[in-house]
Amino acid sequence: MNKYIIGNWKMNKSLSEISPFVKTLKKLGKNQKNMSVCVPSVMLTEISKQAKGLFEVGAQNCHYAKKGAFTGEVSAEMIKETGASLVLIGHSERRHYFDESNEFIAKKVKEAQTVGLKVILCVGETLEEKPKFKSVIKKQVIESLSAINNINNIVIAYEPVWAIGTGKVATTSDIAKAHSYIKEIVKAKFGEDVSVLYGGSVNSKISAEILALSEVDGVLVGGASLDATEFVKIAESRG
Ligand code: 13P
């Protein structure tokens with residue numbers, strides 16, 4: 001299977017920008033497989049309709065409950081109903097700005113897996129935590145996966161916080177080390193192999209080098225996924 005190329009639009013773009021994005025992907029990226037874009041939840045239905053058969057669509061967050069008095073939240077089932085097939089959980093921006101704990105994230109992972117969404121669980125250390133990145137990542141992975149008993153539909157994205165939106169990319173040796181470590185942790189806990197994506201300032205100039213690493217199963221792309229042409233170039237760099 002092709003390595004994953006997943007975009008994260010974060011809180012960017014508007015409904016009217018979906019159509020030009022999809023058109024460019026149709027034109028330039030129609031032969032590219034295993035591409036997805038995670039968009040703001042109000043855009044899920046529209047982009048799912050337009051992207052059908054071309055690329056997969058995901059949300060950037062979900063709630064752990066099935067339904068109820070959680071004003072402003074969106075359940076995993078609601079996301080699935082829009083036609084989306086994946087969800088980002090535990091992105092560092094949510095951990096940081098919204099104080100999401102591993103325990104809270106674990107409940108979301110369980111619910112998203114239960115309804116059949118592919119979960120992209122994000123982990124990664126801050127700059128201060130870099131010297132002890134192994135213990136930080138281990139805690140995040142173990143605790144965030146503590147509510148499930150198999151890793152069906154679970155993918156992990158290693159996104160060092162210091163590399164997100166900064167133009168500072170982790171070295172290939174750091175990426176390989178972190179990914180091997182994550183795979184080891186998951187294998188020890190679940191007895192299965194997990195796919196691990198790299199995220200943090202990925203663009204088409206550096207993506208080939210990262211995607212060539214055997215420890216890397218794909219990339220999670222923020223800023224560079226907003227430009228459809230650039231996003232397709234990243235997909236093409238899989239070689
Ligand atoms: P950038 O690619 O903009 O650094 O963002 C990475 C990211 O946070 C993807 O989830």
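Since the model is a prediction, treat every value here as computed from it, not as a measurement. Residues: numbered from 1 along the sequence shown. Start at 1 and go down the list; that is how both ligands and their atoms are numbered.
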> Less than 3.5 Å between some nitrogen or oxygen of G165 and one of ligand 1, yes or no?
Replying inline: yes
> Against heavy atoms of K10, which atoms of ligand 1 measure under 4.0 Å?
Replying inline: 5 (O), 6 (C), 7 (C), 8 (O)
> Does ligand 1 have any atom that is closer than 4.0 Å to a heavy atom of G199?
Replying inline: no
> Under 4.0 Å from any heavy atom of S201, which atoms of ligand 1 are there?
Replying inline: 1 (P), 2 (O), 4 (O)
> Quick one: does E192's side chain get under 4.5 Å of N152's, heavy atoms only?
Replying inline: yes
> Have Q60 and R94 got a donor and an acceptor in their side chains that come within less than 3.5 Å?
Replying inline: no
> Which of the atoms in ligand 1, numbered in the order shown and given with their element, are less than 4.0 Å from a heavy-atom of G223?
Replying inline: 1 (P), 2 (O), 3 (O)
> Do F133 and W162 make the cut of ring centroids closer than 6.0 angstrom?
Replying inline: no
> Do E56 and K118 pass the salt bridge (Lys or Arg N to Asp or Glu O under 4.0 Å) test, and can you show the C-alpha distance, the side-chain angles, and the key distance before you say yes or no?
Replying inline: CA-CA 11 Å; E56 308 234 332; K118 184 180 283 295; over 6 Å; no
> Would one find an N or O of H91, backbone or side chain, under 3.5 Å from an N or O of ligand 1?
Replying inline: yes
> Excluding sequence neighbours, so at least two apart, what forms salt bridge (Lys or Arg N to Asp or Glu O under 4.0 Å) with K139?
Replying inline: E143
> Quick one: does ligand 1 sit under 4.0 Å from the side chain of N8, the backbone, both or neither, non-hydrogen atoms only?
Replying inline: side chain
>> For atom 2 (O) of ligand 1, what's the nearest protein heavy-atom neighbour? Residue, atom name and distance, please.
In response: G222 N, 2.9 Å
>> Distance under 4.0 Å to a non-hydrogen atom of E159: what atoms of ligand 1 satisfy this?
In response: 6 (C), 7 (C), 8 (O), 9 (C), 10 (O)
> Aromatic rings F231 and F21: how do their planes relate, parallel, tilted or perpendicular, breaks at 30° and 60°?
Replying inline: tilted
>> Looking only at side-chain N and O atoms, does E17 offer a donor or acceptor that is under 3.5 Å from a partner on N12?
In response: no
